[in-house]
Amino acid sequence: MIRILKTRLRQGHRTTKFPLELPVLPDRYRGRPVLDAAKCAEGCRDCAAACPTGAITLNGAPKLDLGRCLFCTECVDACPDGALRYSRDYRMAASRREDLVLSSGEMRLAQRMADDLYRVLGRALRLREVCAGSCNACDLDTNVLNTVGWDLSRFGIQFVASPRHADGLVVTGAISRNMHHALLETYEAVPKPRIVVAVGACAISGGPFRDSPDVLNGVEGILPVDLYVPGCPPHPLTILDGLLRLIGRIREEPALHGVTQP
Amino acid sequence: MTVLRAIGAVPEAVAVLALPPMLLSIIAKTKAWFGGRDGPPWLQPYYDLMKLLRKGVVYSRTTTWVFRAGPIVNLAALLCAATLIPVFSDDTLLGFGGDVILIAYLLALGRMLTVLAAMDTGSSFEGMGASREVTFGTMSEPALFLSFVVLALATKSLSLAEMLGAPLQAAWGDVAPAMLLVVAALLIVLLTETCRVPVDDPATHLELTMIHEVMVLDHSGPDFAYITYAAALKFLLLGSILVHAALPHASWALWIDAPLRVVELAVLAMLVGVIESSLARLRLQRVSLLLAGAFVLSGLAAVLTFYRTHA
Amino acid sequence: MNGTRPGWLALRQGQAVDVSSIPLVDADDFASHMLAGRGRGGRLANLFGRRLPDGGVRLFAFLAFDTDARIEVCAADLPHGKLTYPSVTAHWPAAQAFERELAEQYGVFPVGHAWLKPLRYHGTDDGSAAPWGPFEASEPIPGNYPFYRVEGEEVHEVAVGPVHAGIIEPGHFRFQCHGEEVLHLEVVLGYQHRGIERLLLHPNATRSAIVAETIAGDATVGHALAYCTALEALAGARVSLRASALRGIALELERLANHVGDLGALCTDVAFLPASAYLGRLRGEYLNLTLEICGNRFGRNLLRPGGVRFDISTTMADSMRERLRRLERETLEVLDLMFSQSSVLARFEGTGKLSEERADEIGMVGPAARACGLRRDVRCDHPHGVFQFSHIPIAVETTGDVYARAAVRWLEVQRSLEFLVELLGNKPEGPVFEPIGRLRPNAMALGMAETWRGESMHVAFTDEAGKLAFLKVKDPSIHNWFGLALALRGVAISDFPVCNKSFNLSYAGHDL
Amino acid sequence: MIKTGIYGLLRVLSWLPPLPRTCALVMVAFGVVSGVLGVLYALAQHDLKRLLAYHSVENIGIIGMGIGMGMLGGALGKPALVALGYGGALLHVLNHALFKGLLFLSAGAVIQATGTGEIDRLGGLARKTPVNAAFFLLAAISICGLPPLNGFVGEWIVYGALFEGTRSVPRLSAGVSALGVVSLALMGGLALACFVKVFGVVFLGKERTGTRVARATPGAMRAGMGVLAVLCVAIGVLPGLIVPLTGAGVQVIADLGPMEFERALPSVLAPAGRLSLLAMVFFGLIATLAVVRRGLIQKNAVALPSPVATWGCGYAAATPRMQYTASSFAWSLLSSFRALLCPERRLHAPAAVFSEAAHLESHTVDMAEQDLFAPLFRAASRVSRMIQTLSWTGEPAMERRSARASERLRPFVAVVVGATAAVRRGSIHVYVAFIAFTLLVVFAIEVWVAPGAEGHSAPISVMQGAPQ
């Protein structure tokens with residue numbers, strides 16, 4: 001007992017103050033990509049050619065689909081004009097699929113859930129995670145939210161075992177054919193009102209596994225999604241930020257000192 | 001007269017009914033401190049209940065009316081027991097001679113219907129939880145009754161309010177070691193009946209290891225709210241018995257008694273939190289040994305008390 | 001490199017050979033040939049098939065001779081229309097999953113296989129029927145087959161998964177139980193099947209590399225390392241020492257994060273809250289070190305054929321060493337606390353025992369094998385890259401229970417920390433990345449790595465144009481899942497989670 | 001009926017003068033042994049009717065305990081004990097006739113509808129025969145002695161007698177009474193386990209193999225059951241009407257005037273009318289909670305989804321085998337009492353890497369069937385062996401009835417090995433339990449065997465702090 005107390009005192013209290021205080025992410029962290037179309041050279045298609053998932057489209061104004069982006073470095077390396085770069089902004093969860101398609105302007109971040117949902121679920125949100133054809137990285141970084149540092153429970157959010165006790169699903173993975181049935185059955189088992197959160201490029205678009213005959217390219221068209229969290233895998237902060245926006249715990253855009261700087 | 005008393009008891013009853021989720025919060029906060037985290041907000045158990053009451057329900061096509069009756073009968077039985085168990089003062093709403101037996105059997109009735117509701121789902125998970133619940137319930141019952149024998153001997157009463165009231169104070173002066181053993185046995189019974197570490201782990205989400213949680217996997221919405229609240233209420237009721245047994249004192253005015261008892265209950269909840277933070281769970285097969293231990297403790301207390309009262 | 005036997009070709013990992021130089025044995029003698037190799041001390045490291053242009057299937061078998069860093073390979077051709085051969089599994093259980101894979105992918109029938117059941121639930125590559133009977137590839141429902149049963153009305157079954165409690169991957173466990181006792185466990189996987197092997201041949205090289213990294217997200221570096229080694233061998237490229245060192249650093253950081261996380265998760269499963277909370281946080285700290293190096297917590301985009309994409313400057317290395325020293329103190333303190341708690345040890349000791357013979361028989365690898373007393377570690381047995389220069393001692397325990405699997409991790413955490421602190425102190429100089437050239441045509445090369453779960457192996461083949469034509473991936477989990485099933489016999493079902501966590505096998509890596 | 005024996009016993013008792021205390025205590029002890037063994041054997045049964053038959057053994061035990069306490073009251077001259085003991089016993093005789101009759105009728109309906117009484121072949125009957133299920137559940141609650149039904153009232157009074165008995169002055173009588181309390185509690189718990197098992201497996205969940213298409217219960221049968229059910233509820237809810245009636249019986253058996261009986265009950269237990277009040281409160285609460293729940297579900301305005309499958313982890317092909325069997329359900333408890341019961345299990349377990357054919361079946365051999373008195377003697381010898389070797393903590397599960405000398409050593413060795421292992425692992429509770437048990441034995445010897453303790457019958461008032 002004394003030993004436990006001693007260890008506890010040395011380990012200390014570790015929960016961050018987020019969202020009141022923002023953590024500083026390392027220089028090399030690849031946050032939300034920023035696209036400066038003004039710098040684009042006429043007719044240059046290098047980035048689109050380099051992109052392994054076809055996330056960049058150049059028909060008309062250049063667009064980058066965050067839902068497909070794997071956050072590799074290919075497009076940035078390929079661009080001869082520096083029109084593409086990664087910021088350190090971890091905020092990129094969106095309420096609508098189309099909000100994930102970035103062009104030069106600001107991104108529309110996730111909004112609070114609809115009022116009737118919010119009245120019921122705003123302060124107590126229990127989620128059932130379903131992993132359906134992922135590489136496991138998204139699951140691990142979702143799980144990280146339960147560790148002492150992020151401590152999801154302080155926001156009234158909790159992951160539960162039984163979908164009957166849940167208010168929504170968190171889906172990761174590209175939805176393998178073999179998990180399709182189980183995913184639907186789990187969704188059916190959740191009492192209404194319920195929400196769906198798609199975490200990671202796989203769940204949004206199939207990610208690295210897109211167009212494999214063994215996957216269904218994400219949850220789009222299978223379940224109605226309330227929150228999209230892009231990334232491959234998303235940083236835990238990105239997921240947390242998205243969930244907190246969903247339950248209205250982050251409303252204003254906080255000033256991101258130093259975070260958005262490259 | 002009785003009408004007046006009943007009206008006077010209303011605020012007290014409301015306070016008793018409002019308290020249980022807070023005790024769970026205290027346990028959660030204690031555990032959060034040991035983990036080095038913030039932990040859920042103080043009012044989280046209340047938020048959870050409110051949400052569940054507003055949620056829809058999903059019923060399995062395997063279930064029957066038994067599944068729906070389970071949570072209701074369980075909560076009704078516990079509320080009924082609440083009218084017999086002294087919480088704030090040494091007085092109870094409807095206590096009478098012989099009510100200890102009724103209290104224990106009301107808890108058993110609640111257990112029976114909860115367990116049957118679990119079996120109604122036709123799933124091996126719920127069956128597993130049901131089997132564990134009745135196994136450990138069966139084994140904790142003799143320890144509980146033997147503790148009651150000791151208290152009855154020491155106080156010459158069969159009404160719980162009296163057994164835990166002023167006469168017990170004298171017993172503590174007389175056979176303190178026996179009372180200490182009874183308190184220890186009651187603590188083990190409390191940990192077992194309310195599914196706490198080292199018997200069960202309320203925090204785990206692993207179906208195969210759970211006892212209570214795995215029985216209620218299929219309940220949702222208001223039904224689940226009843227179950228969640230009933231679990232908290234059970235902790236309060238058994239905790240009250242334990243607190244009264246450990247620290248008996250004569251009834252003063254309610255405004256002194258009530259805050260004092262609340263503090264004592266809070267300390268008990270903290271103690272449970274500390275136990276949960278410093279011990280790993282027992283292997284399931286060893287829980288029966290723990291309960292046998294509780295039985296031996298109360299048996300020892302019985303022998304000591306016999307020695308005193310039958311000298 | 002000596003001791004080559006007739007009918008076998010010896011090679012090292014990181015070496016490319018002409019496909020034509022691989023000796024072909026008669027399909028009917030294949031099993032006995034393999035058993036002879038086992039008799040010489042060989043360990044079954046891989047066994048897979050490749051569809052031939054004429055519709056036949058060529059089998060490739062890889063035996064590892066761990067004591068002299070040698071891999072021996074042989075092949076056998078099954079002609080179109082007669083895809084059968086005497087099963088290896090009938091005499092050597094280690095081949096069971098590989099032969100099931102053959103049956104599932106190509107419809108090959110290994111005659112005499114005692115456990116011929118679907119492995120991942122998908123159709124064969126040409127739509128032909130797999131030997132277990134008609135299997136509807138268009139609507140696969142995993143687990144929809146006659147399970148093994150312990151007969152008797154009193155026996156009940158517990159079916160867990162695919163959607164497990166907790167935030168973990170999908171898989172189905174079928175227990176035959178009486179009371180609390182598990183009489184038999186059958187593990188059914190395939191839910192995570194994404195078609196990795198096909199995606200690895202994606203024309204976009206980056207996509208292919210990323211897919212290699214996502215075989216198992218928690219073993220990103222381990223798989224990327226084996227993948228890169230195989231491709232570099234095919235290209236005849238030499239990676240600089242500095243890049244090798246950085247790969248070693250990333251690999252050991254991955255091991256640390258996962259081992260520390262696993263030990264924490266073991267504590268969670270037995271409800272020992274303090275260690276579970278502290279180790280959960282510490283795992284994140286190790287992930288964050290990887291994040292500092294390459295911008296991703298799992299080491300994505302760090303390794304590419306030709307080197308690494310991110311360098312570590314001297315100042316960065318110094319600050320990382322400082323942090324590692326602090327983390328070492330904090331981690332070892334918590335682990336000391338954990339391993340001194342009798343209530344924790346009482347749950348670990350004697351739970352889920354596996355004997356050394358059993359573990360060897362089914363061909364286990366990694367910490368789970370080392371916990372049974374088997375000295376198997378690619379870093380020592382088949383060293384490549386930085387491990388040719390710095391040696392990490394093999395951590396071995398003998399009891400084969402949950403305790404042993406935890407203790408092996410505890411030892412490996414200490415050794416990885418020592419290794420990292422030392423390596424960060426004196427990294428070799430040089431460039432970190434140089435694109436690899438063209439791949440050698442009609443060749444085969446082998447890359448291996450000791451991921452934190454054990455041996456990963458990537459075998460790459462090129463066609464006559466020097467294009468990547470076939471890439472076979474082996475995750476260590478495919479060896480070990482059967483070990484979990486065997487360890488559960490006679491164990492209380494409530495001890496399953498802690499047992500499962502002590503193995504912590506990959507579903508994604510198995511399902512591919 | 002078996003209660004003829006009870007009738008005979010009570011008749012004989014009514015002719016005799018109060019018997020000596022020893023007879024009373026033997027009677028209580030008989031009740032304890034019969035009750036505990038009866039319910040344990042019931043728990044081990046796989047056949048519905050046999051299971052119910054063993055519960056009769058248990059209930060005879062409860063009645064015996066009541067009679068024993070009545071006899072003790074007579075011997076000690078304590079009218080309260082006489083009233084409670086005999087009163088409880090008589091009431092339980094009546095109750096037993098009611099709920100056991102209901103159970104047998106209901107079980108008969110099950111067998112008639114399905115053609116089998118094998119518990120592990122049945123399942124899901126509550127949907128097929130809901131009325132019969134409700135009757136069975138009602139009787140089950142009653143036989144478990146749970147409120148607010150008649151079974152509780154009887155056991156409540158017997159408990160009262162036993163608690164009162166713990167205050168009687170000769171320590172042995174008090175000790176036996178305490179043993180009675182504990183045993184009755186244990187029997188209550190075991191009966192609950194047993195009926196949860198039966199009701200849960202036979203009526204709830206999914207249909208198992210071997211269940212023929214169930215037929216509805218015939219109306220005449222239902223009517224018969226209905227009468228019994230109404231009586232069960234009536235006695236439970238209005239014990240004030242029935243309990244005084246038992247006074248007449250008590251007067252016949254023991255020389256106790258009606259006034260004395262009227263006074264004796266409330267001196268220990270509250271007037272039975274208090275139970276009626278509590279029953280009303282209980283039913284009121286159930287009604288309120290049910291109404292609130294219904295209201296909430298309607299108000300939440302979320303259309304009730306079409307019923308889905310029980311949550312089974314998203315697995316697509318669930319089978320009826322994926323539910324607990326009666327044997328599995330009871331096995332943990334049975335193994336905990338293996339020292340008394342010797343449940344046997346024939347297990348051909350999978351052993352090779354690839355499992356070959358495996359099979360399991362279990363039996364609990366019925367000792368009473370072979371020889372009426374054998375179980376008593378055997379239990380006694382077991383108890384003594386238990387004390388000698390503490391075998392209850394470590395006896396191997398497969399112990400055979402014909403324990404040879406070498407096998408007798410096995411539990412002892414197991415305990416030593418287990419204890420050493422426990423000490424090595426530092427499982428503190430294990431050795432605390434061992435130490436405490438040893439202390440308990442030492443104390444027990446000192447308290448009960450101490451000179452001058454026996455044969456001293458002082459009035460109740462000399463209980464505490466009195467010089468002597």
Side-chain angles (χ1 to χ4, degrees), chain B residues 53-62 64 66 72-73 75-76 79-80 94 96-98 101-102 105-106 108-109 112 115-116 119-124 127-128 131 134-135 137-138 141-142 145-146 149 152-153 158 217-218 222 288-290 292-293 296-297 299-300 302-303 306-307 309-310, chain D residues 126-127 146-147 152 156 159-160 163 166 169 171 174 178 181-182 185-186 189-190 192-193 196 199-200 204-206 269-270 274 278 281-282 285-286 289-290 293 296-297 300 302 305 307-312 322-324 329 332-333 336 429-430 432-433 436-437 439-440 443-444 447 463-464:
Chain B
L53 290 175
R54 291 177 186 170
K55 284 271 292 184
V57 283
V58 176
Y59 289 118
S60 154
R61 65 177 89 91
T62 314
T64 62
V66 175
I72 292 175
V73 175
L75 184 53
L79 286 171
C80 221
L94 298 172
F96 60 93
I101 303 151
L102 182 61
Y105 274 58
L106 277 169
L109 178 69
M112 181 171 189
V115 167
L116 283 179
M119 303 273 291
D120 199 13
T121 59
S123 151
S124 47
M128 196 185 300
S131 168
V134 296
T135 303
T138 303
E141 215 134 277
F145 268 90
L146 204 46
V149 168
L153 275 176
L158 268 184
L217 276 184
D218 230 51
S288 41
L289 270 182
L290 180 76
V296 169
L297 289 176
L300 206 51
V303 172
F306 269 130
Y307 198 60
T309 54
H310 289 66
Chain D
R127 263 187 323 285
L146 297 177
F152 175 74
W156 183 61
Y159 265 119
F163 269 103
T166 59
V169 172
R171 282 175 188 156
V181 172
V182 173
L186 182 66
L190 288 170
L192 189 148
V196 164
F199 189 77
L204 303 178
K206 297 185 205 94
L269 300 170
R274 289 306 288 265
L278 262 297
V281 171
F282 179 65
L285 282 167
I286 286 183
L289 289 171
R293 175 184 154 285
L296 281 170
I297 291 175
N300 293 348
V302 184
V308 299
T310 297
W311 174 238
M322 290 177 204
Q323 35 185 354
Y324 246 58
F329 188 85
S332 300
L333 261 176
S336 304
H429 60 280
V430 176
V432 162
F437 192 86
L439 276 175
L440 181 64
F443 267 100
V447 171
M463 271 183 70
Q464 205 170 19

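Within every chain, numbering begins at 1; the chains are lettered A, B, ... in the order of the sequence lines, protein sequences first and strands thereafter.
- Here the closest heavy-atom approach between residue D/Leu146 and residue B/Met112 is recorded as CD1-SD, 3.4 Å.
- Atom OG1 of B/Thr138 and atom CG of D/Leu333 lie 5.0 Å apart (nearest 0.5 Å).
- Heavy-atom pairs under 4.5 Å with chain D peak, among B/Thr135, B/Val149, B/Asp120, at B/Asp120.
- Heavy atoms only, all atoms of each residue included: B/Tyr59 and D/Arg293 are closest at OH-NH2, 2.6 Å.
- Of the two parts of D/Phe152, only the side chain, counted from C-beta on, holds a non-hydrogen atom closer than 4.5 Å to a non-hydrogen atom of chain B.
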Under the side-chain contact (heavy atoms from CB on, under 4.5 Å) criterion, do B/Val134 and D/Phe329 qualify, and how do the steps go?
CA-CA 9 Å; B/Val134 296; D/Phe329 188 85; 3.6 Å; yes
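- Relative ring orientation between B/Phe145 and D/Tyr159 is described as parallel, the plane-to-plane angle staying below 30° on a 0-90° scale split at 30° and 60°.
- Interatomic distance, CZ of D/Arg274 versus CG of B/Leu102, reported as 11.0 Å (0.5 Å rounding).
- Residue contact with chain D, scored on non-hydrogen atoms closer than 4.5 Å, involves the backbone and the side chain of B/Pro142 alike.
- Across all non-hydrogen atoms, the minimal contact from D/Ala126 to B/Thr64 is CB-CG2, 4.1 Å.
- A distance of 6.0 Å separates CZ in B/Phe306 from OG1 in D/Thr166, rounded to the nearest 0.5 Å.
- The minimum heavy-atom distance linking B/Thr62 with D/Lys206 is given by the pair CG2-CG, 3.6 Å.
- Across D/Ala185 and B/Tyr105, no two heavy atoms sit closer than the pair CA-OH, 4.5 Å.
- For chain B, the option among D/Gly160, D/Ser332, D/Ala178, D/Pro147 with the highest count of heavy-atom pairs below 4.5 Å is D/Pro147.
- For B/Ala108, the parts sitting under 4.5 Å from any heavy atom of chain D are the backbone and the side chain alike.
- With rounding to the nearest 0.5 angstrom, the CG atom of B/Leu75 is 5.0 Å from the CG atom of D/Leu289.
- Considering every non-hydrogen atom in both B/Pro222 and D/Ile297, the closest pair reads CG-CG1, 3.9 Å.
- Side chain to side chain, D/Thr310 and B/Thr121 fail the donor-acceptor criterion of an N or O pair below 3.5 Å.
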Check step by step if side-chain contact (heavy atoms from CB on, under 4.5 Å) holds for B/Val73 and D/Ile286.
CA-CA 6 Å; B/Val73 175; D/Ile286 286 183; 4.1 Å; yes
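- Distance check: B/Leu109 CG to D/Leu192 CG gives 8.5 Å after rounding to the nearest 0.5 Å.
- Checked by atom type and distance alone, the side chain of D/Trp156 pairs as donor or acceptor with a backbone atom of B/Gly98 at under 3.5 Å.
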